[in-house]
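Written out below as structure tokens is the structure these notes cover.
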Amino acid sequence: MHDIRAVRADPAAFDAALARRGLAPAAAAVLRHDEARRAAQTALQEKQARRNAIAKEIGIAKRQGADTAALEAEAVTLREEMAALDAAAAAAEREQAALLEVLPNILDPEVPEGSDETANVVLHQSGEPLVFPFTPKQHFEIGEALGLMDFGTAAKLAGARFTVLKGALARLERALGQWMLALHTEAHGYTEASVPLLVNDATIHGTGQLPKFAEDLFRTTDGRWLIPTAEVPLTNFAAGEILPESALPIRLTALTPCFRSEAGSAGRDTRGMLRQHQFAKVELVSITAPEHSAEEHERMTRCAERVLTDLGLTWRRVFLCAGDTGFSAARTYDLEVWLPGQGAWREISSCSNCRDFQARRMNARMKPKDGKGNVFLHTLNGSGVAVGRALIAVLETYQQADGSVRVPDVLLPFMGGVSRIG
RNA sequence: GGAUGGGUGGCCGAGCGGUCGAAGGCAGCGGUCUUGAAAACCGCCAGGGCGCAAGCCCUCGUGGGUUCGAAUCCCACCCCAUCCGCCA
């Protein structure tokens, strides 16, 4: 959500920011409602002031036994006038909020220009694509050949875009999640959390999925939402709170299933388990003072990169361009992993600094150490990393000529003695 | 699902329909005192909107209603606690 005062102060800058995302100007429409709201509100407040004065006078007059009929008559008239003004102010406010809540965050000035992923900028690459002495297979070929990855059964149980893992592959998925959690809690200072996977309207609105992206989500019959990422519950820990600055930064991590409807992605990545309705992910969330979010963003991204490096994967950091940066983010780094079987770089993590955009939506503030007044917090989220896609990357990277898969060293303590699958 | 009791400022906790945005306490901030700290004492201390300012307005879970006037009365809903039922 945007600060209406910022729009008021510099409408042209606001529209220019929207233009970077390829969006039409909106400041004029927003300000039209803002002005209508303020006009109605000012008029309303004058009536309210008069109403309060009359009520006070009546109170005094009654105590003295004086006649109050004239005052009461004026108050009744006022009440009718106020009702109309109140309705006008409320309507203007609703319309302004409706416009504002579907506008994305203002981008960091450093975000590269561009309308789609072709304009993203590779900042750093770790390792080179592996050269295989054989033709590397894709993950689903490996998994199905091992008899440990079963799309047929998953389709029977639930439909397309689900996967059944068995035996050592199920264990490998679990090991990946466990190991990542251990790394972030023990080496990176994050606090592990176990959170609701079903959340209410306010919570999912707070992080920005509602109202604009409802079609990407699953909704329960009692009106709750399945989380598309643990970012939603974790970030909302701060919702409605006024945190002392001394409590910051708050660093939270959770391993959860994520549920996405994948509406609009029909036909994309239909083979294998790259794009699923349900997948496991270790999420990182940081809640910081405004002046520290930029450095926290770099730190968080390094925490995610550490996962890929320690797994021995080939990866690169990509600075998302204006058109590819998500709704709530001011600045996003994607981590892409090299998939030898597919012969492509694929997103495995996305680390975003949302600044105060989500905090405004969820009214999350902090009380500064020194100064007066409360300020909105900054929120950041990043995958640390997507477990399902990490599994894919491990399978394709560690596959052997005989169809077996070696287990990365860091996972050995979590694999119950299994060092080779197949 | 049924029954009961509750939702008031950062926290705890008062609040006969009218000078209540709200007593008191705790925490916090500033000061006096002290070599320093503690204690004691004094003062300040909710959030938001409009305004250059003075100031005005809104907010006592949310939304309606009654009233000249609602934290206080009525209705609905939400949430929390406890007990019962059911259940992993």
Side-chain angles (χ1 to χ4, degrees), chain A residues 1-9 30-97 99-101 194-206 210 219-225 233 236-248 250 256-257 287 289 356 359-377:
Chain A
M1 193 66 87
H2 297 282
D3 183 0
I4 184 65
R5 280 169 297 195
V7 183
R8 217 182 280 148
V30 169
L31 290 179
R32 199 169 64 242
H33 290 121
D34 180 48
E35 279 152 25
R37 192 200 97 242
R38 285 191 291 164
Q41 188 179 303
T42 301
L44 175 64
Q45 288 182 358
E46 285 168 9
K47 306 274 186 200
Q48 285 170 330
R50 178 62 189 146
R51 190 249 347 244
N52 292 346
I54 290 175
K56 203 164 277 187
E57 280 180 55
I58 290 174
I60 294 166
K62 287 215 161 162
R63 232 164 288 141
Q64 297 170 341
D67 176 55
T68 58
L71 285 170
E72 290 186 27
E74 185 185 351
V76 170
T77 311
L78 271 177
R79 194 160 65 183
E80 285 155 14
E81 295 169 338
M82 280 164 53
L85 287 169
D86 190 36
E93 190 164 8
R94 265 198 310 278
E95 284 164 48
Q96 178 191 306
L99 285 177
L100 231 39
E101 70 184 358
S194 172
V195 295
L197 308 180
L198 258 39
V199 297
N200 58 29
D201 283 345
T203 298
I204 203 140
H205 184 273
L210 281 187
R219 189 157 194 258
T220 63
T221 53
D222 72 346
R224 289 177 231 271
W225 305 84
N236 275 283
F237 276 24
E241 301 291 328
I242 302 174
L243 301 171
E245 186 171 357
S246 59
L248 305 174
I250 292 170
T256 71
I287 296 163
D356 64 0
R360 282 180 189 284
R361 290 180 157 249
M362 59 179 74
N363 196 26
R365 293 165 294 170
M366 72 161 207
K367 198 170 276 295
K369 272 194 197 89
D370 45 353
K372 293 208 58 163
N374 301 328
V375 298
F376 288 107
L377 297 160

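In what follows, every heavy atom counts, from backbone to side chain, and hydrogens, waters and symmetry copies are set aside. By convention in this document, chain letters (A, B, ...) are assigned in the order of the sequence lines, proteins followed by strands, and residues within each chain are numbered from 1.
The same atom, C1', is picked in B:G17 and in B:A22; the two are 15 Å apart, to the nearest Å. For the P atom pair drawn from B:G1 and B:G15, the interatomic distance equals 33 Å after rounding to whole Å. Rounded to whole Å, the P atom of B:G6 lies 11 Å from the corresponding atom of B:C73. Taking atom P on both B:C29 and B:C45, the two are 16 Å apart, rounded to the nearest angstrom. For B:C26 and B:G2, the P atoms lie 44 Å apart once the distance is rounded to whole Å. Taking atom P in both B:A71 and B:C57, the straight-line distance is 14 Å, to the nearest Å. For the P atoms, the distance linking B:U72 with B:G47 amounts to 23 Å, nearest Å. To the nearest whole angstrom, the two P atoms, one in B:C78 and one in B:G69, are 29 Å apart.
A:Met366 approaches A:Ala289 most closely through the heavy-atom pair SD-CB, 3.7 Å. In plain terms, the two heavy atoms of A:Leu210 and A:Arg361 that are nearest each other are O-NH1, 3.1 Å. Heavy atoms only, all atoms of each residue included: A:Ala89 and A:Gln41 are closest at CB-N, 4.4 Å. Taking each heavy atom of A:Pro233 and A:Pro196 in turn, the nearest pair found is CG-O, 3.8 Å.
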Stepwise, does the side-chain contact (heavy atoms from CB on, under 4.5 Å) test hold for A:Ile60 with A:Glu57?
CA-CA 5 Å; A:Ile60 294 166; A:Glu57 280 180 55; 5.8 Å; no
side-chain contact (heavy atoms from CB on, under 4.5 Å) evaluation trace for A:Val7 with A:Asp34:
CA-CA 10 Å; A:Val7 183; A:Asp34 180 48; over 6 Å; no
Trace of the side-chain contact (heavy atoms from CB on, under 4.5 Å) decision for A:Phe237 with A:Val195
CA-CA 10 Å; A:Phe237 276 24; A:Val195 295; 3.9 Å; yes
Take A:Leu248 and A:Leu377 through the side-chain contact (heavy atoms from CB on, under 4.5 Å) test and state the conclusion after the steps.
CA-CA 10 Å; A:Leu248 305 174; A:Leu377 297 160; 3.6 Å; yes
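If you check B:C68, B:G51, B:G48 against the side chain of A:Arg38, the one that comes closest is B:G51. Considering only the side chain of A:Arg365, B:G47 comes nearest among B:C68, B:G47, B:C56. Listed nucleotides: B:G10, B:C50, B:C56. Nearest to the side chain of A:Ile242: B:G10.
In this structure, CD of A:Glu74 is placed 14 Å from C1' of B:G69, rounded to the nearest angstrom. Counting to the nearest Å, the C1' atom of B:C57 and the CD1 atom of A:Ile54 are 16 Å from each other. Atom CG in A:Leu78 sits about 10 Å away from atom P in B:G69, given to the nearest Å. For the pair A:Ile4 CD1 and B:G51 P, the interatomic distance rounds to 12 Å; values are reported in whole Å. The CG atom of A:Leu243 sits 18 Å away from the P atom of B:G28 (whole-angstrom rounding). Residue A:Glu46 contributes atom CD, which lies 13 Å from atom P of B:C58 at whole-angstrom precision. Rounded to whole Å, the distance from CD on A:Gln48 to C1' on B:C56 is 10 Å. Atom CZ of A:Phe376 and atom P of B:G47 are 13 Å apart (whole Å).
Of the residues near RNA chain B, A:Asp3 and A:Glu72, the one whose nearest nucleotide (by heavy atom distance) lies more toward the 5' end is A:Asp3. The 5' end of RNA chain B is approached more closely, in terms of each residue's nearest nucleotide, by A:Arg8 than by the other of A:Arg79 and A:Arg8.
Distance check, rounded to the nearest 0.5 Å: CG of A:Asn200 to CG of A:Asn236 gives 8.0 Å. To the nearest 0.5 Å, the span separating CD1 on A:Ile287 from CD1 on A:Ile250 amounts to 5.0 Å.
Distances shown here put a side-chain N or O of A:Asn52 below 4.0 Å from the OP1 or OP2 atom of B:C58. Regarding contacts with the backbone of B:C57, every side-chain N or O of A:Arg51 stays at 4.0 angstrom or more from both OP1 and OP2. Remark: A:Arg5 is in phosphate contact with B:G49, judged by side-chain N or O atoms under 4.0 Å from OP1 or OP2.
Contacts with RNA chain B (heavy atom under 4.0 Å) in residues 55-62 of chain A: A:Ala55, A:Ile58, A:Gly59, A:Lys62, listed by number. Of all the residues in residues 80-88 of chain A, not one reaches under 4.0 Å from RNA chain B with any non-hydrogen atom.
Using a 4.0 Å cut-off between a side-chain N of Lys or Arg and a carboxylate O of Asp or Glu, A:Arg50 and A:Glu74 qualify as a salt bridge. Between A:Glu81 and A:Arg51 there is no salt bridge, since no side-chain nitrogen of the basic residue lies less than 4.0 Å from a carboxylate oxygen of the acidic one.
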Pairing string, 5' to 3', for RNA chain B - Watson-Crick or wobble contacts under 3.5 Å, brackets [ ] where pairs cross, | to another strand
((((((((.[[[..)..(.....]]].(((((.......))))).(((((....))))).[[[[[..)....]]]]])))))))....
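When the options A:His33, A:Arg8, A:Glu93 are evaluated for a side chain to side chain contact (heavy atoms under 4.5 Å, CB included) with A:Arg38, the one that passes is A:Arg8.
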